[in-house]
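First the structure, in the form of structure tokens, and then the observations on it.
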Amino acid sequence: MAAPMELYCWKGDWGLPSIDTDCLTVLAYARFAGAPLKVLKITNPWNSPTGTLPVLKTREEGCFTKPGNIIIHLRKQKYNADYDLSAKEGADTLAFVSLLEEKLLPALIYTQWVDSKNYVDVTRRWYAKNIPFPLNFLLPNRMHNQQLERLRLVRGDPMLEPGEEVEKEVYRDAVECMTLLSQRLGSHKFFFDDSPSSLDAYVFGHLAPLLKVKMPNGRLQQHLNSLDNLRQFCTNILSLYFPAASLEGDEIPSRKMSAHADGSDFENEPRKRRNQILSVLFAFGSMLGYAILTGIVSVQHIRPQTALEGPSHDHEGDDEED
């Protein structure tokens, strides 16, 4: 029996199988397509094979990152949630996924990572609490900077700086996007009849965190809650494909993988050793910096002396005799 594919993703919270949009998209698609994945929910991206999340690890073809690449690979392995879509429905899927990434994603980034109150009170607090020490002092700020760069990339403005005007623009686009999605969904259970597709996975991945994670500044949440069909859409997927009893440590769906798990521990040993060394170095650097700043340790500059002092004195004596 072939070894199952391994999906590394952020752990869940707030009733979600993962707290990350990209991870939720991949998890939902895998469930829709019935892909037999071993799901590894972690809180340290450095424990993944690529240092990023999500990542799909395969035995034969290496690792795949980003939802689009992972979904394409799953389709090649005959796990295709879009198999029954018509050509027009396939084109609609591409159009709406582009709409999500252009209009809704910037607002999600802004809400979670740029809005100062949301970031400090919810986002940074969650990651600082769940990422292991001492990386919890380093990674949240690093991720904050990465998300700001991602916002600039999505908006097509490398010089973009957060502010009132930018906030108005991204929130206006997001409201328009959610309204269009609500109109397209209508009274249907999923976007294309009664079977979920990749579009449903993408929409769920973007909307579920907005629905479940309560933010102090919740303008987008208020609008989503006003769209009954989108709210029910997310609730249905959570109850059907991610029931509460399996939110922690759920796998998709085969569990005959004990032999592979033993081998996986051996393969992960170099990565574990690397993370241990990095943690020790980071902790040592932090303690040393604290000691220097507080005056516990002082640094003095000592003027180097000539190694052979004896001959030097002899020369001085010669000069005096001359």
Side-chain angles (χ1 to χ4, degrees), residues 2 4-10 12 16-18 20-41 53-58 60-61 63-101 104-105 177-178 180-182 184-211 229-243 246-247 250-255 257:
M5 296 174 284
E6 295 180 343
L7 177 65
Y8 293 77
C9 62
W10 284 102
L16 296 171
S18 175
D20 179 74
T21 291
D22 290 343
C23 295
L24 282 172
T25 299
V26 175
L27 284 168
Y29 182 87
R31 281 292 172 94
F32 298 162
L37 305 182
K38 178 180 179 181
V39 180
L40 303 171
K41 296 183 178 181
L53 296 172
V55 57
L56 180 69
K57 179 182 177 182
T58 67
E60 298 84 9
E61 299 184 52
C63 296
F64 297 87
T65 61
K66 299 182 180 179
N69 296 334
I70 295 174
I71 288 174
I72 289 174
H73 178 75
L74 293 178
R75 286 174 179 164
K76 291 180 179 179
Q77 303 303 310
K78 311 302 181 184
Y79 302 110
N80 189 356
D82 296 344
Y83 181 79
D84 293 327
L85 297 186
S86 65
K88 182 181 183 305
E89 290 171 335
D92 288 345
T93 296
L94 294 176
F96 274 101
V97 169
S98 296
L99 181 69
L100 284 168
E101 295 178 347
L104 186 54
L105 179 59
C177 179
M178 286 189 284
L180 287 173
L181 290 171
S182 177
R184 177 62 180 83
L185 180 63
S187 60
H188 298 289
K189 188 175 182 179
F190 301 108
F191 280 89
F192 301 112
D193 298 324
D194 295 327
S195 299
S197 65
S198 61
L199 177 57
D200 297 280
Y202 275 100
V203 174
F204 171 76
H206 285 72
L207 293 184
L210 200 56
L211 179 67
N229 60 344
L230 286 184
R231 188 181 70 250
Q232 190 60 44
F233 166 82
C234 294
T235 302
N236 287 339
I237 290 178
L238 285 171
S239 61
L240 288 173
Y241 295 94
F242 303 99
S246 63
L247 280 178
D250 57 344
E251 325 309 355
I252 308 176
S254 173
R255 305 188 70 88
M257 46 186 78

Given side chains that start at C-beta, do those of [X] and [Y] come closer than 4.5 Å, heavy atoms only?
X: Q77; Y: T58; value: no
X: P209; Y: L24; value: yes
X: L104; Y: L100; value: yes
X: V26; Y: L7; value: yes
X: C9; Y: L27; value: yes
X: M5; Y: Y79; value: yes

Handout entry: Under 3.5 Å side-chain donor-acceptor pair for D22 and T25
Key =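 Side chains of D22 and T25: no pair found under 3.5 Å.
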
Problem - L240 to P243 - nearest heavy-atom pair and separation - result: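 Nearest pair, atom of L240 first, then P243: O-CD, 4.4 Å.
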
Problem - From N229, N236, L230, residue fulfilling side chain to side chain contact (heavy atoms under 4.5 Å, CB included) relative to Q232 - result: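 Exactly one pass, corresponding to N236.
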
Exercise for the section: Have a look at Y8 and tell me which of V39, V55, L56 forms a side chain to side chain contact (heavy atoms under 4.5 Å, CB included) with it. Expected result: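 Looking at V39, V55, L56, the match for Y8 under the side chain to side chain contact (heavy atoms under 4.5 Å, CB included) is V55.
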
Donor-acceptor pairs under 3.5 Å, side chain of residues 65-75 to any protein atom, not counting sequence neighbours: which ones?
from	atom 1	to	atom 2	distance (Å)
N69	ND2	T65	O	3.1
R75	NH2	D82	OD2	2.5
R75	NH2	S198	OG	3.4

Problem - Centroid separation F191 to F233 less than 6.0 Å - result: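 F191 vs F233: aromatic centres under 6.0 Å.
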
